[in-house]
Amino acid sequence: MNTLAYEILLLKADFQKYCLKELKPWGISRGLLFFVIYIGNHSGCLLKEIAQVLQVDAGYTTRAIMQLSELGLVVRKPNEQDKRQKSLYLTEKGTLAFERIFRLFQEWDERVTKGWTEQEREDCKEKLQSMRMQTKE
């Protein structure tokens, strides 16, 4: 089978395998990876916001945040605007994990585009972003 969808699935599987191997010492699973990324990029966010953006249900989000808290990666603090809600922040350990994740993304990109020019990398990213935007229409 030689379709774009097939190639994307193979790349996704390779990326996940690469990340999970590197993140195992942190206790970060595939299911927790994007929660760490989102909180790292949106410090002080709310559970409801994460669930909407990551398109997962509130129960799953709550369990993921509890796991990240138990791992010492995330802390919940009362929200300044609404004390009934909790804002989410990365701990120092969580920030280190977030930085490692960012480097993993860069390392994997370099690995799979080895021998490409910078222009080829940019062109590929633009095409993939265009494809992603078309899925939202």
*Could you go step by step and tell me if Cys124 and Trp116 meet the side chain to side chain contact (heavy atoms under 4.5 Å, CB included) rule?*
CA-CA 10 Å; Cys124 183; Trp116 290 21; 3.7 Å; yes
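- In terms of hydrophobic clustering, with Ile, Leu, Val, Met, Phe, Trp and Tyr side chains grouped at heavy-atom distances under 4.5 Å, Leu68 and Leu54 are assigned to a common cluster.
- Hydrophobic clustering places Phe105 together with Leu11 (ILVMFWY residues linked when any side-chain heavy atoms are closer than 4.5 Å, directly or through intermediates).
- A heavy-atom distance below 4.5 Å is not found between the side chains of Asp123 and Lys127.
- In this structure, the ring-ring contact (aromatic ring centres under 6.0 Å, His included) partners of Tyr38, at least two apart in sequence or on a different chain, are His42.
- Residues Leu71 and Leu32 have side chains in contact (heavy-atom distance under 4.5 Å, counting atoms from C-beta outward).
- Using a 4.5 Å cut-off on side-chain heavy atoms (C-beta onward), Glu99 and Thr95 make contact.
- With sequence neighbours left out, Tyr60 forms a ring-ring contact (aromatic ring centres under 6.0 Å, His included) with Phe35.
- Using a cut-off of 4.0 Å between Lys/Arg side-chain N and Asp/Glu carboxylate O, Lys12 and Glu7 are scored as not salt-bridged.
- Within the structure, ring-ring contact (aromatic ring centres under 6.0 Å, His included) pairs that include any residue of residues 118-137 do not occur (at least two apart or interchain).
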*Do Thr91 and Val74 pass the side chain to side chain contact (heavy atoms under 4.5 Å, CB included) test, and can you show the C-alpha distance, the side-chain angles, and the key distance before you say yes or no?*
CA-CA 5 Å; Thr91 62; Val74 170; 5.8 Å; no
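- When the side chains of ILVMFWY residues are joined at heavy-atom separations under 4.5 Å, either directly or via intervening members, Tyr89 and Ile50 end up in two distinct hydrophobic clusters.
- When the side chains of ILVMFWY residues are joined at heavy-atom separations under 4.5 Å, either directly or via intervening members, Leu96 and Val36 end up in a single hydrophobic cluster.
- Note on Phe15 and Leu20: separate hydrophobic clusters, where clusters join Ile, Leu, Val, Met, Phe, Trp and Tyr whose side-chain heavy atoms are under 4.5 Å apart, directly or indirectly.
- The number of heavy-atom neighbours closer than 6.0 Å to CZ of Arg103, taken from other residues, nucleotides and ligands shown, is above 12.
- Between Arg76 and Ile65 there is a side-chain heavy-atom pair separated by less than 4.5 Å.
- Two residues are said to be in side-chain contact when any heavy atoms from C-beta on lie closer than 4.5 Å; Leu23 and Leu33 meet this criterion.
- With respect to the salt-bridge test (charged N to carboxylate O, under 4.0 angstrom), the residues Asp14 and Arg111 qualify.
- Taking OG of Ser87 as the reference point, atom CD of Glu80 lies at 7.5 Å (rounded to 0.5 Å).
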